[in-house]
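As the structure lists them, so they are numbered: ligands from 1, and atoms in each ligand from 1. Heavy atoms only: backbone and side chains are in, while hydrogens, waters and symmetry mates are out.
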Amino acid sequence: MNVRSTFPPVAAYDPHYDPLVSEGPGQNRAYAPTYWLATAGEPPPADGPITGDVAADVAIVGSGYTGLSCAIFLAREFGIKALVLEANQVAWGCSTRNGGQAQNAAGRLSRSEWIARFGRDVALRLHAEVHDGFETFEELIRSGAIDCEPQRGGHLYIAHRMRSLEKIAAESKVLNEVFGYASRVVSREELRRDFVDEAEAIGAVHEPLGTGVHPAKLAFGYQRMARALGARIHTASPVEQIERRDGIFHLRTPGGTVRARAVGVATGAYTASGLTPHLRGRCMPILSNSIVTRPLTAAELDATGFRTTQVITDTRTLRFYYRKLPDDRVQIGSRSAITGADATHGRHLQLLIDGLHRKFPPLKGIEIDYSWWGWVDVSHDMMPRIFRPEPNTDLVYALGYGGNGVSYSAQAGRRMAQMIARRSFKGEDLPIFTSPLPGHPFAPFRRLGQRMLYRWYHLRDEAA
Ligand SMILES: Cc1cc2nc3c(=O)[nH]c(=O)nc-3n(C[C@H](O)[C@H](O)[C@H](O)COP(=O)(O)OP(=O)(O)OC[C@H]3O[C@@H](n4cnc5c(N)ncnc54)[C@H](O)[C@@H]3O)c2cc1C
């Protein structure tokens with residue numbers, strides 16, 4: 001069945017949606033107004049909403065990269081044709097709103113922080129897992145079925161202050177000497193000559209793994225691949241409740257109940273508190289916004305010295321992430337409002353525009369063609385989890401990538417498929433697979449803390 005769902009009618013995009021306030025991500029909401037949706041072409045067909053009670057072996061909640069990759073690996077590795085349930089449109093959440101920076105990372109901690117927290121042995125094995133995850137992601141896009149305009153060559157971590165350069169240079173040493181991951185320090189002169197003339201840059205660290213992708217083309221590629229392998233993807237079908245009765249999961253949607261032996265929860269930052277008690281208060285949704293300029297002229301390209309299309313982040317805690325897109329536009333993103341209610345306030349857009357101007361003075365006044373935002377799934381200990389909360393039950397969740405999910409979500413979906421199929425895999429005893437997402441002792445006051453932290457980070461980031 002190929003249905004371009006118009007039932008129920010597509011509801012307007014809600015710019016004020018807030019996962020900590022709303023009861024759920026809505027039903028059949030339109031996509032956010034991103035550059036990616038505007039340039040991805042017609043979204044591929046899906047299977048329309050659930051219209052009656054159905055049975056499935058495995059049901060997956062959420063059709064972002066995680067849910068879709070889980071469906072792909074369930075079919076490819078175990079012959080299981082999953083049923084994917086999506087509240088809105090396919091990959092409506094982060095997976096069509098992100099910066100498209102696939103990095104050799106998962107979660108928000110550095111490798112040194114892994115060593116401090118888990119010890120050297122676990123840190124090395126975590127590195128192997130995340131590195132393998134990057135390969136999983138690359139293998140999916142290299143297979144030829146997905147054209148997501150990859151911009152390969154690595155990741156540039158640009159220091160905006162001398163003390164940040166010292167810090168990332170020390171981290172680069174750890175990457176090389178402990179993890180055997182060949183990163184290197186790039187001088188300001190080399191950066192200007194070979195990569196980009198970024199006015200704030202003091203120097204940089206270059207990591208060899210890093211691929212910029214067109215996020216929506218990646219998601220739609222996963223979607224086509226999953227459906228070609230036999231998965232069904234039902235849009236406009238928010239799961240309102242997950243209940244287990246007589247050993248079978250019952251997932252209630254407005255159009256009918258899905259009965260399934262196993263469930264994969266892949267709802268990212270868009271997880272409603274009532275979906276499952278296992279995830280209540282376990283994730284801190286953080287807004288990130290993004291803008292895309294009009295294409296740069298030849299003179300502007302020359303003035304900004306944009307010779308690279310590699311993915312770039314800076315060293316602020318409230319970091320900027322940016323790159324030159326294949327059509328010579330610049331995309332740049334950073335943190336945004338604390339609440340959905342405040343998301344449309346002009347100062348959040350201005351923060352990005354000011355950041356762009358500070359980094360690239362020749363672009364002062366350039367037209368901004370696209371502006372949007374989305375919620376990032378940050379876990380309370382900054383590490384992701386792919387976890388089965390009840391050992392004898394086949395419900396597995398995967399989330400908490402903390403703004404580093406473009407590549408690792410492919411691996412997380414694969415691990416979730418392996419856990420659902422009860423197959424073992426290398427590294428399955430790592431803490432990201434054996435411990436739940438931690439809660440937060442002051443969950444109701446997290447946003448107060450976030451507001452104070454943002455002020456402190458801003459002062460620290462901008463101190464001379
Ligand atoms: C602005 C922004 C920039 C980012 N930039 C980067 C970047 O450059 N690099 C990087 O690595 N990461 C980045 N990220 C993070 C990255 O996009 C995510 O880690 C990744 O897309 C997560 O995919 P996911 O499938 O887990 O979740 P999502 O893509 O968010 O998908 C979850 C889906 O679940 C659906 N859903 C929720 N509840 C229900 C329900 N009850 N029933 C049915 N469906 C439901 C939602 O509608 C949504 O479509 C960014 C995120 C944002 C918001």
Would one find more than 12 heavy atoms of other residues, nucleotides or ligands at under 6.0 Å from atom CZ of R259?
-> no
N28 and Q89 side chains, donor-acceptor separation under 3.5 Å | yes
At a 4.0 Å cut-off, with the gap strictly under it, does some heavy atom of T271 reach an atom of ligand 1?
-> no
Please confirm whether P238 comes under 4.0 Å of ligand 1, counting heavy atoms of the residue only.
-> yes
Report yes or no: does S290 have a heavy atom closer than 4.0 Å to ligand 1?
-> no
Heavy-atom contacts with G100 under 4.0 Å: which atoms of ligand 1 show up? List them by number with element.
-> 8 (O)
Inter- and intrachain pairs under side-chain hydrogen bond (donor to acceptor under 3.5 Å, both in side chains), touching residues 398-407, at least two apart | T66-Y401
Would you check whether G403 reaches within less than 4.0 Å of ligand 1, judged by its heavy atoms?
-> yes
Could you see which bit of Y65 sits under 4.0 Å from ligand 1, with heavy atoms only: side chain, backbone, both or neither?
-> both
Counting heavy atoms only, which part of A105 comes closer than 4.0 Å to ligand 1: side chain, backbone, both or neither?
-> neither
Indicate whether any N or O donor in one side chain lies under 3.5 Å from an N or O acceptor in the other, for Y370 and Q331.
-> no
With ring centroids as reference points, do Y181 and H127 lie under 6.0 angstrom apart?
-> yes
Closest protein heavy atom (residue, atom, distance) for atom 28 (P) of ligand 1 = C94 N, 3.6 Å
Could you go through the side chain to side chain contact (heavy atoms under 4.5 Å, CB included) check for L126 and I432 one step at a time?
-> CA-CA 9 Å; L126 267 172; I432 57 171; 4.1 Å; yes
If you measure from each non-hydrogen atom of L275 to ligand 1, which part falls under 4.0 Å: side chain, backbone, both or neither?
-> side chain
For ligand 1, is there an atom lying under 4.0 Å from some heavy atom of S409?
-> no
Taking atom 14 (N) of ligand 1 as the reference point, the nearest protein heavy atom with its distance | N98 CB, 3.5 Å
Using a strict 4.0 Å cut-off to heavy atoms of G99, name the atoms of ligand 1 that fall inside it.
-> 3 (C), 4 (C), 5 (N), 6 (C), 7 (C), 8 (O)
When you check the side-chain N and O atoms of R347 and Q350, is any donor under 3.5 Å from an acceptor?
-> no
Only one of F73, F137, Y65 passes ring-ring contact (aromatic ring centres under 6.0 Å, His included) with Y222; say which it is.
-> Y65
Between Y35 and W372, does the ring centroid distance fall short of 6.0 Å?
-> no
Would you kindly specify which portion of L85 sits under 4.0 Å from ligand 1, judged on non-hydrogen atoms: side chain, backbone, both or neither?
-> backbone
Ligand-residue contact atoms, ligand 1 with V61, heavy atoms, under 4.0 Å | 40 (C), 42 (N), 43 (C)
Got the closest protein heavy atom to atom 34 (O) of ligand 1, with its distance?
-> G62 CA, 3.3 Å
Is the NE2 atom of H458 crowded by more than 12 outside heavy atoms at less than 6.0 Å?
-> no
Is it the side chain, the backbone, both or neither of Y321 that has a heavy atom closer than 4.0 Å to ligand 1?
-> side chain
Does NZ or CZ of R244 fall inside the cone over F249's six-membered ring, less than 6.0 Å from its centre and within 45° of the axis?
-> yes
Sub-4.5 Å side-chain heavy-atom contact between V263 and V58 = no
Taking atom types as modelled, is there a side-chain donor on E129 or Y408 under 3.5 Å from an acceptor on the other?
-> yes
For G405, the ligand 1 atoms whose distance to one of its heavy atoms is below 4.0 Å | 10 (C), 11 (O), 12 (N), 19 (O)
Measure the distance from atom 32 (C) of ligand 1 to every protein heavy atom, then report the residue, atom name and distance (to 0.1 Å) of the closest one.
-> A266 O, 3.5 Å
Taking the non-hydrogen atoms of W373, is any one of them nearer than 4.0 angstrom to ligand 1?
-> no
Establish, from distance only, whether the side-chain atoms of N104 and E207 form a donor-acceptor pair under 3.5 Å.
-> no
Is the shortest distance from a heavy atom of E86 to ligand 1 less than 4.0 Å?
-> yes
When you measure from atom 44 (N) of ligand 1 to every protein heavy atom, which one gives the shortest distance, and what is it?
-> A87 N, 3.0 Å
Only pairs at least two apart or in different chains count here, so list each salt bridge (Lys or Arg N to Asp or Glu O under 4.0 Å) that has a residue in residues 262-281.
-> none
Within a distance under 4.0 Å of any heavy atom of V376, pick out the atoms of ligand 1 and give their elements.
-> 51 (C), 52 (C), 53 (C)
May I ask you to identify, for R97, whether its side chain, its backbone, both or neither come under 4.0 Å of ligand 1 on a heavy-atom basis?
-> backbone
Distance filter under 4.0 Å to N88 heavy atoms, resulting ligand 1 atoms | 47 (O)
Is there a nitrogen or oxygen of S407 sitting under 3.5 Å from a nitrogen or oxygen of ligand 1?
-> no
Number the atoms of ligand 1 from 1 as they appear, then name those within less than 4.0 Å of a heavy atom of G93, with their elements.
-> 29 (O), 30 (O), 48 (C), 49 (O)
